Student: 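One structure follows; several queries about it will come next.
If you're wondering where the values come from, they're calculated on a predicted model, not measured in any experiment. Note that the numbering runs from 1 along the sequence shown for the chain.
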Amino acid sequence: LYIFNMEKRRGRPQKSITWPSEDFTSNQLKTLSSEPLSNGLIHMKIKEGLKTGEIELVGKTKKSGRGRPSNVYRKRCMSY
């Protein structure tokens with residue numbers, strides 16, 4: 001009689017992102033996080049959050065001089 005209570009999940013461990021209450025960009029999200037996050041993971045979670053309606057796209061930052069503008073996001077208020 002063997003009983004296994006260990007439930008192992010394969011693959012990388014899941015990382016959760018808590019959305020800030022103020023407006024944020026993907027770079028700010030990376031610096032605000034307490035655990036290390038890759039750029040790919042951040043953008044994947046942002047796309048997922050936009051799809052589910054957790055966050056919304058507010059606009060773009062204006063870069064003076066060179067560089068690409070960054071998208072600005074905001075946590076959506078869920079009021080029913």
Student: To check you understand the geometry: which heavy-atom pair defines the closest contact between Pro20 and Lys75, and what is its length?
Tutor: O-CB, 3.6 Å

Student: Please identify each residue that fulfils salt bridge (Lys or Arg N to Asp or Glu O under 4.0 Å) with Glu56, with sequence neighbours left out.
Tutor: Arg76

Student: How far does NZ of Lys45 sit from CD of Glu48, to the nearest 0.5 angstrom?
Tutor: 5.0 Å

Student: When clusters are formed from ILVMFWY side-chain contacts under 4.5 Å, directly or step by step, what else is grouped with Leu29?
Tutor: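 When side chains under 4.5 Å apart are linked, the cluster holding Leu29 also contains Ile17, Trp19, Phe24, Leu37, Leu41, Ile42, Met44, Ile46, Leu50, Ile55, Leu57, Tyr73.
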
Student: Please report the interatomic distance OG1(Thr52) to NZ(Lys47), rounded to the nearest 0.5 Å.
Tutor: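 Here the interatomic distance stands at 14.0 Å.
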
Student: Out of curiosity, Ser33 OG to Gln28 CD, how far, rounded to the nearest 0.5 Å?
Tutor: 13.5 Å

Student: Run through the side-chain heavy atoms of Ile, Leu, Val, Met, Phe, Trp and Tyr, join any pair under 4.5 Å, and report what else lands in Val72's cluster.
Tutor: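 Besides Val72, the hydrophobic cluster comprises Val58, listed by chain and residue number.
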
Student: Mind listing the closest non-hydrogen atom pair of Ser70 and Thr25 along with its distance?
Tutor: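 Closest heavy-atom pair between Ser70 and Thr25: CB-CG2, 4.2 Å.
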
Student: Above 12 or not: heavy atoms from other molecules or residues under 6.0 Å from NZ of Lys60?
Tutor: no

Student: Show every salt bridge (Lys or Arg N to Asp or Glu O under 4.0 Å) that has at least one partner inside residues 21-38, sequence neighbours left out.
Tutor: Asp23-Arg74

